[in-house]
Amino acid sequence: MQQITCSALIKHGSYINGSWQQHDNRFDVVNPSNQQLLAKIASADAADAEQAVLAADQAFAGWSAKPAAERSALLQAWYQLIMQHQDDLARLLTLEQGKPLSEAKGEIGYGAAYIQWFAEEAKRLYGDTIPAPSNDKRIIVQRQPVGVVAAITPWNFPNAMIARKAAAALAAGCTFVVKPAQQTPLSALALAELAHQAGIPPGVFNVVAGTDAKGIGEVLTRHAAVAKFSFTGSTAVGKQLLKQCADGVKRVSMELGGNAPFIVFDDADLDAAVQGLMAAKFRNAGQTCVCANRILVQRSVYQAFADKLAIAMTQLNVADGLTDGSQIGPLIDDKAVAKVTQLQQSALDGGAKLLLGGSRHSTGRQFFQPTLISDVNADMAISKEEIFGPVAALMAFDTEQQAIALANNTEYGLAAYFYSRDIGRVFRVAQALQFGMVGINEGIISNAAAPFGGVKQSGYGREGSKYGLDDYTDIKYLCLGGL
Ligand code: ADP
């Protein structure tokens with residue numbers, strides 16, 4: 001923690017109604033690279049979550065009444081401060097999450113870009129006038145902020161998952177309460193400190209950090225003052241939270257798991273496909289919901305592609321995220337290592353072949369070797385579940401129809417990728433893939449200008465882009481009569 005130059009960014013308790021909470025009950029934040037203790041954080045509980053919701057409720061009238069230009073200016077100020085502290089925020093993120101510093105820096109810029117984007121969109125919350133069926137009426141449509149937004153976010157993007165929800169919510173005029181993942185509260189609290197410095201009023205942005213996810217989650221999904229709930233995390237937890245939200249008919253956005261296919265057709269530029277796959281597979285050591293999970297390669301180019309991929313993977317630098325040139329950091333915890341090991345082993349037991357890697361890496365107990373497996377099939381657990389680790393699993397296919405059927409053979413529908421230079425095929429396959437986002441000859445698809453989100457059991461709602469405000473606004477129809 002001595003590596004953080006601005007000590008004001010290091011906070012040890014939740015940020016509720018503009019103040020920092022203290023508690024005797026504390027939890028540890030640990031560096032996944034070396035298991036060293038980074039900080040002890042005051043553990044907020046359900047009562048604190050309720051206090052945060054009430055603060056957000058109180059702040060709503062004032063915040064939503066501010067002219068859009070004022071909300072926009074405050075978001076801009078927050079954005080500027082984040083960018084000024086990009087290096088420190090990135091180091092903090094790497095310390096608690098493990099990803100390579102270059103990626104952490106990228107995440108801070110990526111998260112901040114949503115704040116900048118929605119600072120601009122705040123001024124464009126347009127309504128409509130609609131031709132009425134008779135001349136004595138006018139139909140006017142306005143968009144209004146839904147109210148208090150509660151959110152729960154995961155550890156794999158400790159900054160950006162909060163930034164992209166909060167930015168849209170605040171821009172629309174909503175107030176916001178977030179529970180970050182227990183593993184990565186420091187990035188969330190640092191964001192709160194900068195929101196404070198930017199002059200965002202008390203109660204508008206609150207962070208509730210604690211270990212009682214269930215208890216805090218109950219408040220955030222059931223409290224009468226919460227109008228909308230937004231979640232990014234696993235499908236299993238998302239389904240549970242969705243049920244809790246149903247009782248109060250809360251508005252809900254769910255960004256859940258994925259099982260991204262990455263298809264390489266025989267007409268693809270294989271070098272470009274390898275490059276795209278390296279980005280889509282190994283970012284964050286494979287721990288993203290849009291990571292390539294099933295790599296489908298047309299049989300005639302299968303061997304050539306596997307050879308090129310193996311060469312690229314051999315060059316990956318596995319090291320502590322703060323080490324210069326690190327490309328693969330640790331997995332988040334021992335459980336993650338165990339899951340990756342088990343998925344890989346069951347694939348090998350089922351007849352898959354190990355081409356590279358296959359075990360823990362000597363750097364430390366939570367590091368896993370970049371691993372390449374071939375001859376995987378659709379029945380293996382590794383094809384059905386999110387791997388969430390640096391394991392690339394190759395499967396061969398023969399025809400375009402077969403590739404599409406294999407790709408869609410999942411309950412998930414977040415991201416898909418494919419490589420082809422045949423224009424007809426590009427349009428056919430893009431149309432047929434049942435996913436919310438499709439990378440075509442591209443392995444990195446997410447940015448603030450684009451709508452991020454899934455279909456099927458990957459959830460609903462979109463984050464970023466001009467559509468991103470929709471999740472945080474209600475449409476109000478005014479019928480003006482007697483004219
Ligand atoms: P992951 O497997 O990536 O950790 P989870 O869905 O378990 O994904 O976690 C995502 C977020 O959901 C985290 O902030 C976690 O604390 C929270 N969470 C986990 N279980 C619950 C629950 N029962 N109620 C509310 N929040 C939960």
Side-chain angles (χ1 to χ4, degrees), residues 14 27-30 32 41 43-46 48-50 52-53 93 96-99 149-166 176-189 191-192 206-223 226 229-248 250 252-260 283-291 293 330-340 342-343 366 385-389 412 414 454 457-459 463:
S14 294
F27 67 99
D28 294 348
V29 184
V30 173
I41 305 291
S43 189
D45 55 21
D48 297 302
E50 177 157 13
V53 168
L93 202 162
E96 67 176 346
Q97 200 276 339
K99 69 176 65 176
V149 173
I152 295 184
T153 53
W155 49 263
N156 60 346
F157 288 91
N159 172 290
M161 292 305 102
I162 295 174
R164 74 181 184 189
K165 292 183 195 299
F176 191 80
V177 178
V178 62
K179 186 201 89 64
Q182 177 184 334
Q183 296 93 330
T184 56
L186 295 170
S187 295
L189 297 171
L191 265 179
N206 306 273
V207 178
V208 179
T211 53
D212 181 12
K214 203 165 177 308
I216 295 169
E218 282 282 333
V219 174
L220 299 188
T221 51
R222 293 192 193 278
H223 198 288
V226 172
F229 179 71
S230 177
F231 177 72
T232 299
S234 63
T235 301
V237 173
K239 283 180 184 175
Q240 176 56 39
L241 297 174
L242 197 51
K243 284 181 194 148
Q244 293 172 204
C245 286
D247 286 339
K250 310 285 188 207
V252 181
S253 297
M254 289 273 149
E255 203 264 90
L256 306 176
N259 182 354
R283 202 157 53 104
N284 203 8
Q287 303 171 106
T288 89
C289 48
V290 294
C291 272
N293 212 57
L331 299 185
I332 192 68
D333 51 28
D334 289 328
K335 221 172 81 195
V337 178
K339 181 179 174 202
V340 170
Q342 183 252 320
L343 278 178
Q366 285 174 229
E385 294 176 31
E386 272 188 302
I387 303 170
F388 249 59
Y412 297 107
L414 193 57
Q457 291 194 32
S458 289
E463 296 185 328

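Worth knowing before you read on, the calculation uses all heavy atoms, side chains too, and leaves out hydrogens, waters and symmetry mates. These numbers come from a predicted model, not from an experiment. Counting starts at 1 for both ligands and their atoms, following the listed order.
Annotation: side chain of Phe229 is in contact with side chain of Ile152 (closest heavy-atom distance under 4.5 Å). You'll find the side chain of Gln366 reaches within 4.5 Å of the side chain of Asp334, heavy atoms only.
The protein non-hydrogen atom at the shortest distance from atom 16 (O) of ligand 1 is Lys179 NZ, 2.8 Å. Here the protein heavy atom with the shortest distance to atom 17 (C) of ligand 1 is Ile152 CG2, 3.6 Å. Among all protein heavy atoms, the one lying closest to atom 3 (O) of ligand 1 is Trp155 NE1, 3.3 Å. For atom 8 (O) of ligand 1, the closest heavy atom belonging to the protein is Ser234 N, 3.7 Å. Of all protein heavy atoms, the one closest to atom 25 (C) of ligand 1 is Ala213 O, 3.2 Å. Nearest protein heavy-atom neighbour of atom 21 (C) of ligand 1: Val237 CG1, 3.6 Å.
Not one N or O of Thr232 is nearer than 3.5 Å to an N or O of ligand 1, by distance alone. When only interatomic distances are considered, the shortest N/O to N/O separation between Gln183 and ligand 1 does not fall below 3.5 Å.
For ligand 1, the atoms sitting less than 4.0 Å from at least one non-hydrogen atom of Leu241 are 24 (N), 25 (C), numbered in the order shown with element in parentheses. Under a 4.0 Å criterion applied to the non-hydrogen atoms of Ala181, ligand 1 contributes the atoms 14 (O). Applying the 4.0 Å criterion to heavy atoms of Thr153 picks out, from ligand 1, the atoms 11 (C), 13 (C), 14 (O).
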Worked verdict on Arg164 versus Glu255 for salt bridge (charged side-chain N to carboxylate O under 4.0 Å, His left out):
CA-CA 12 Å; Arg164 74 181 184 189; Glu255 203 264 90; 3.2 Å; yes
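Ligand 1 has at least one atom lying under 4.0 Å from a heavy atom of Lys214. Look at Phe231 and you'll find a heavy atom under 4.0 Å from some atom of ligand 1.
Between Lys99 and Gln287, the side chains place no donor N or O within less than 3.5 Å of an acceptor N or O (distance only, hydrogens not considered).
In this structure, atom 5 (P) of ligand 1 has a protein heavy-atom contact shorter than 4.0 Å.
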